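Fair warning: this is a prediction, and the values are worked out from it, not measured in the lab. Side-chain atoms are counted along with the backbone in the values below, which use heavy atoms only and exclude waters and symmetry mates.
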Amino acid sequence: MGAVVEHKERELHASQYNHMAQALERYLPKDRHLDVLELGSATSPNQVITHRTLFKDIDHSYFGVDIRDGNNVDAVMPAPYTIPAKSKSADVVVAGSVFEHVPMPWASILEVARVLRPRGLFFFTAPSRGHKHTPVDCWRYYPDAVRALAAASRLTLKDVHTHYPPFTEDRRHDYGNIDAANDYWGDTVAVFQKPTKYAPTMTFVRPVVRWWANRASRQGPLGATPDPKFRCSVYKGDGEKPWDKVLRESKRAAADKVGAEK
């Protein structure tokens, strides 16, 4: 298992497909042929819908890549952070619900930038919440995380937004009122574009980052890093908790200081 998780554990969900469709409708050029590459294209055994269907009315070629062979895969990635495509060969790259499973997403997006042609578009969706749903499930994305990917790759961020839960009156997220049927994952949706004059320094940065990411993944997507078994507990009940104790002592120290200064 590598950077893009084994496809039998990953499945396209309706909300991100709908969000991807809306992003494509708004930003995708429709007046010319498009070479489309999908990163993480493999489907789960019972999956009947793929991102290919979003391009059925557009003049295009489609090339699906994944870390494992399977349905909807045209080429298997030779390493977790190496896309089997020539530089500047794609007008569009699509990655739907993939980047949460990529341990080193900064390496993957540098590969996306490499294969994009100047002014090419990268359409991205990833959850901002939700349960762990594959053996390798590393990240949840807010807009600032996407901005960080744009900064790391020197791609231009054209659009990013997160489908947050409803807000309470005091502006907290109301997780109890999430529309679980239509918006369980709280997708973050983004569109990147490769500048016409792409940063020349990335020619030197990308190969080093890709080499290190692939090397670090030789023993698996998370390397040989152990999974510690210790888990903190959620304090419940009326007894004094660590925070309560230190807060009480801090208030007493502050009061003593004020008294001493009088």
Side-chain angles (χ1 to χ4, degrees), residues 3-4 12 16-43 49-67 71-99 102 105-126 141 146-147 149-161 187-203 205-207 209-210:
V4 182
L12 186 68
Q16 76 88 1
Y17 183 91
N18 293 336
H19 297 320
M20 184 72 78
Q22 293 176 62
L24 290 168
E25 177 62 29
R26 180 172 183 179
Y27 290 102
L28 193 70
K30 301 176 181 64
D31 58 349
R32 58 186 175 87
H33 176 87
L34 297 174
D35 293 317
V36 180
L37 184 148
E38 181 174 3
L39 177 62
S41 63
T43 63
I49 298 175
T50 71
H51 288 113
R52 287 180 189 255
T53 57
L54 293 171
F55 297 88
K56 62 183 179 63
D57 297 324
I58 296 172
D59 180 18
H60 75 285
S61 67
Y62 203 94
F63 187 60
V65 304
D66 209 299
I67 199 67
N71 183 47
N72 203 45
V73 177
D74 299 303
V76 176
M77 299 165 67
Y81 299 94
T82 302
I83 296 176
K86 294 181 179 179
S87 299
K88 302 179 183 179
S89 61
D91 299 298
V92 175
V93 174
V94 176
S97 294
V98 170
F99 268 64
V102 179
W106 46 89
S108 291
I109 199 167
L110 286 174
E111 272 292 273
V112 170
R114 177 184 67 80
V115 302
L116 277 175
R117 293 183 175 124
R119 299 191 62 77
L121 296 168
F122 174 36
F123 293 87
F124 166 108
T125 66
Y141 286 84
V146 175
R147 292 175 63 203
L149 289 178
S153 63
R154 294 298 188 265
L155 294 176
T156 301
L157 187 59
K158 294 178 68 67
D159 195 350
V160 62
H161 58 276
D187 296 300
T188 291
V189 185
V191 181
F192 303 78
Q193 186 170 45
K194 186 173 182 178
T196 302
K197 295 183 178 180
Y198 187 58
T201 53
M202 305 312 288
T203 304
V205 172
R206 189 198 69 254
V209 173
R210 183 176 69 177

Do any N or O atoms from the side chain of Asp59 and from the backbone of Arg32 form a donor-acceptor pair under 3.5 angstrom? no
Working note: Asp159 + Val189, criterion side-chain contact (heavy atoms from CB on, under 4.5 Å); need CA distance, chi angles, decisive distance, verdict. CA-CA 8 Å; Asp159 195 350; Val189 185; over 6 Å; no
Taking it one step at a time, do Thr43 and Asn71 satisfy side-chain hydrogen bond (donor to acceptor under 3.5 Å, both in side chains)? CA-CA 6 Å; Thr43 63; Asn71 183 47; 3.0 Å; yes
Output for pair (Leu39 CG, His51 NE2), nearest 0.5 Å, gives 11.5 Å
If every non-hydrogen atom of Asp187 is compared with every non-hydrogen atom of His19, which pair is closest and at what distance? OD2-CD2, 3.3 Å
As a quick check of understanding, evaluate side-chain contact (heavy atoms from CB on, under 4.5 Å) for Val205 and Arg154, giving each step before the final call. CA-CA 11 Å; Val205 172; Arg154 294 298 188 265; over 6 Å; no
Tell me yes or no: between the side chains of Tyr62 and Glu38, is some donor less than 3.5 Å from an acceptor? yes
Minimum heavy-atom separation for Leu155 to Pro195, with atom names? CA-CD, 4.3 Å
With a 4.5 Å heavy-atom cut-off, do Leu121 and Val93 have their side chains touching? no
Backbone of Ala42 reached by a side-chain donor or acceptor of Asp66 within 3.5 Å: yes
Side-chain heavy-atom pair Asn18, Met20 within 4.5 angstrom cut-off: no
Under a 3.5 Å threshold, yes or no: a donor from one side chain and an acceptor from the other, between Thr203 and Tyr198? no
Sequence neighbours excluded, the answer for salt bridge (charged side-chain N to carboxylate O under 4.0 Å, His left out) partners of Arg52 is Asp74
Kindly indicate, with the supporting measurements, whether the criterion side-chain contact (heavy atoms from CB on, under 4.5 Å) is fulfilled by Val160 and Phe192. CA-CA 9 Å; Val160 62; Phe192 303 78; over 6 Å; no
Indicate the atoms forming the closest heavy-atom contact of Ser108 with Val102, along with that distance. OG-CG1, 3.3 Å
Would you please name every residue forming a ring-ring contact (aromatic ring centres under 6.0 Å, His included) with Phe99, sequence neighbours left out? Phe122, Phe124
What residues form a side-chain contact (heavy atoms from CB on, under 4.5 Å) with Pro207, not counting sequence neighbours? none
Within the 4.5 Å heavy-atom criterion, are Val92 and Asp35 side-chain neighbours or not? no
Might you point out which heavy atoms bring Ile58 and His60 nearest each other, and give the distance in Å? O-ND1, 2.7 Å
Please test Thr125 against Tyr17 for side-chain hydrogen bond (donor to acceptor under 3.5 Å, both in side chains), starting from the C-alpha separation and ending with a verdict. CA-CA 9 Å; Thr125 66; Tyr17 183 91; over 6 Å; no
Non-hydrogen side-chain atoms of Pro105 and Leu149 separated by less than 4.5 Å: yes
Can you find a pair of side-chain heavy atoms, one from Arg206 and one from Ser153, that are under 4.5 Å apart? no
Are the side chain of Arg117 and the backbone of Ser89 linked by a donor-acceptor contact shorter than 3.5 Å? yes
If we only count heavy atoms from C-beta on, is the Val73 to Val65 side-chain gap below 4.5 Å? no
Applying side-chain contact (heavy atoms from CB on, under 4.5 Å) to Leu110 and Met202, what does each step give before you reach the verdict? CA-CA 8 Å; Leu110 286 174; Met202 305 312 288; 3.3 Å; yes
How close do Arg114 and Lys194 get, heavy atom to heavy atom, and via which atoms? O-NZ, 3.8 Å
Donor-acceptor check, side chain of Gln193 to backbone of Arg119, threshold 3.5 angstrom: yes or no? yes
Heavy-atom side-chain contact between Leu34 and Leu28 under 4.5 Å: yes
Heavy-atom nearest pair, Ile67 first then Pro80, reads CD1-CA, 3.5 Å
What distance do Glu111 atom CD and Trp106 atom CH2 have between them, rounded to the nearest 0.5 Å? 15.5 Å
Under a 4.5 Å cut-off applied to non-hydrogen side-chain atoms, are Glu25 and Lys30 in contact? yes
